[in-house]
Amino acid sequence: MSVMEKVRPKAPDPPREPRVTDEHGRRVRVWELALRYLLLLAVLALTVGPFIWQLSTSLKGPTEDIFSSPPKFLPGDPTLHNYERVSETIPVWDYALNSLKVATANVVTNCVGAALAGYALARLRYRGRKVATLVFILAMLVPVEGIIIAQFTTMRELGLNNTLIGVVLPGCISALNVLLMRNAFLNLPYEIEEAAYVDGANVWQRFLRIALPSVKGTLAVVAIFAFMGAWDDFLWPLIVLSDPSKFTLTIGLNYLHGTFANDERLVAAGTIIAVAPLIALFACLQRYFFRGVGEGAVKG
């Protein structure tokens with residue numbers, strides 16, 4: 001080999017194509033990646049599309065055609081007059097306040113009751129614990145329509161008919177939330193509580209200072225589920241309430257369909273008013289929500 005061949009620089013390697021990998025480090029092909037994005041876009045259109053359409057309809061003025069083909073998502077002359085008309089047609093803010101009272105009470109009772117029941121099912125040792133867990137599982141299988149007459153009769157016998165307490169009481173502790181808290185407590189290491197027990201901590205101290213702070217994510221999930229269930233409930237408040245001054249928002253908005261059946265702009269504005277608190281709640285608790293899904297996941 002000559003001297004020139006020895007000092008000749010080595011040709012650089014050809015540039016490698018960028019590789020797309022999944023969370024396990026496996027390579028993802030281009031067509032698989034494209035298919036995933038297409039499916040995500042389809043799901044996004046099905047879930048977010050109706051909300052965007054309602055929001056656009058609520059901002060359109062009376063001169064715009066909301067049934068044009070092809071449909072126009074962006075309003076030509078946006079206006080908030082439809083929201084003013086909703087408040088002029090029905091006492092929407094009074095109804096929203098009633099719904100907020102019911103939802104807040106439902107969140108408090110579910111968080112407290114589900115946490116206590118879940119801890120008892122997961123950590124305490126007593127006779128009949130498995131039977132109690134089975135009862136909560138079976139309670140989830142009973143449809144609401146099958147027991148709603150019994151619930152109404154119970155509220156009437158207790159004198160809670162036509163009251164907001166009667167609206168809150170049947171759903172104050174959900175079986176699903178109890179099972180979520182139970183599984184979250186089961187995932188905690190027993191050694192932590194055993195060390196606290198050796199140090200002299202009683203069961204309430206172990207629950208409040210060790211177990212409960214470790215499942216904040218699942219508590220956020222329970223709070224979101226409880227708030228959504230109480231805020232969106234229509235059938236039970238419709239049955240138990242008869243005084244219009246105590247109507248919740250879902251019942252009050254029903255008057256928009258009857259009085260202004262052809263004014264879709266007014267109905268859309270009322271729908272956005274009802275959905276806005278749910279979006280705000282999820283935006284505030286989303287980081288705890290996704291962490292809590294893993295804490296309270298049902299494991300075999």
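Side chains of Pro237 and Phe247 form no contact here, defined as non-hydrogen atoms less than 4.5 Å apart. With a 4.5 Å cut-off on side-chain heavy atoms, Phe185 and Thr218 do not count as touching. A 4.5 Å side-chain heavy-atom check between Gln205 and Ile210 finds every atom pair outside the cut-off. With a 4.5 Å cut-off on side-chain heavy atoms, Phe207 and Asn202 do not count as touching. Thr79 is not listed as a side-chain neighbour of Leu59, based on a closest heavy-atom distance of 4.5 Å or more. Looking at heavy atoms from C-beta onward, Asn254 lies out of side-chain contact with Thr250 at the 4.5 angstrom threshold. In this structure, Ile239 and Gln151 have side chains that are not in contact, with every pair of non-hydrogen atoms separated by 4.5 Å or more. Considering only heavy atoms from C-beta on, Thr248 stays 4.5 Å or farther from Asp233 through its side chain.
For Ala120 against Arg129, the heavy-atom pair with the smallest separation is O-CD, 4.1 Å. For Ala211 against Tyr119, the heavy-atom pair with the smallest separation is CB-CE1, 3.6 Å. Of all heavy-atom pairs between Arg156 and Asn161, the closest is CA-CB, 4.2 Å. Taking all atoms of both residues into account, the shortest heavy-atom contact from Arg182 to Leu121 is CD-CB, 3.9 Å. The heavy-atom pair separating Ile273 from Val86 by the smallest distance is CD1-CG1, 4.1 Å. For the residue pair Pro277 and Trp231, the shortest heavy atom distance occurs at CG-CZ2, 3.5 Å.
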Quiz: residues 38-54 side-chain donor-acceptor pairs under 3.5 angstrom, not counting sequence neighbours:
residue	atom	partner	partner atom	Å
Thr47	OG1	Val43	O	2.8
Thr47	OG1	Leu44	O	3.4

In a table with atom names and distances, give each donor-acceptor pair under 3.5 Å that connects a side chain of residues 99-107 to protein atoms at least two apart or in another chain.
residue	atom	partner	partner atom	Å
Ser99	OG	Tyr95	O	3.3
Ser99	OG	Leu249	N	2.7
Thr104	OG1	Leu100	O	2.7
Asn106	OD1	Asn110	ND2	3.1
Asn106	ND2	Ala226	O	3.1

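Side chain of Asn162 to backbone of Asp243: a donor-acceptor contact under 3.5 angstrom is found. In this structure a side-chain-to-backbone donor-acceptor pair under 3.5 Å is present from Asn82 to Lys60. With Trp236 contributing its side chain and Gly166 its backbone, the two residues share a donor-acceptor pair below 3.5 Å.
Cluster membership for Leu186 and Leu134, using ILVMFWY side-chain heavy atoms within less than 4.5 angstrom, is not shared.
We find the CG-CG distance between Leu278 and Asp232 to be 5.0 Å, quoted to the nearest 0.5 Å. The line from CD1 of Ile90 to CG of Leu266 is 8.0 Å long, rounded to the nearest 0.5 Å. Between Ser58 atom OG and Glu264 atom CD the span is 12.0 Å, to the nearest 0.5 Å.
No more than 12 heavy atoms of other residues, nucleotides or ligands sit less than 6.0 Å from atom OH of Tyr37. Within 6.0 Å of CZ on Arg209 lie no more than 12 heavy atoms contributed by other residues, nucleotides or ligands. The environment of CZ in Arg125 is crowded: more than 12 heavy-atom neighbours from other residues, nucleotides or ligands sit within 6.0 Å. Around CD1 of Ile165, the count of heavy atoms belonging to other residues, nucleotides or ligands within 6.0 Å does not exceed 12.
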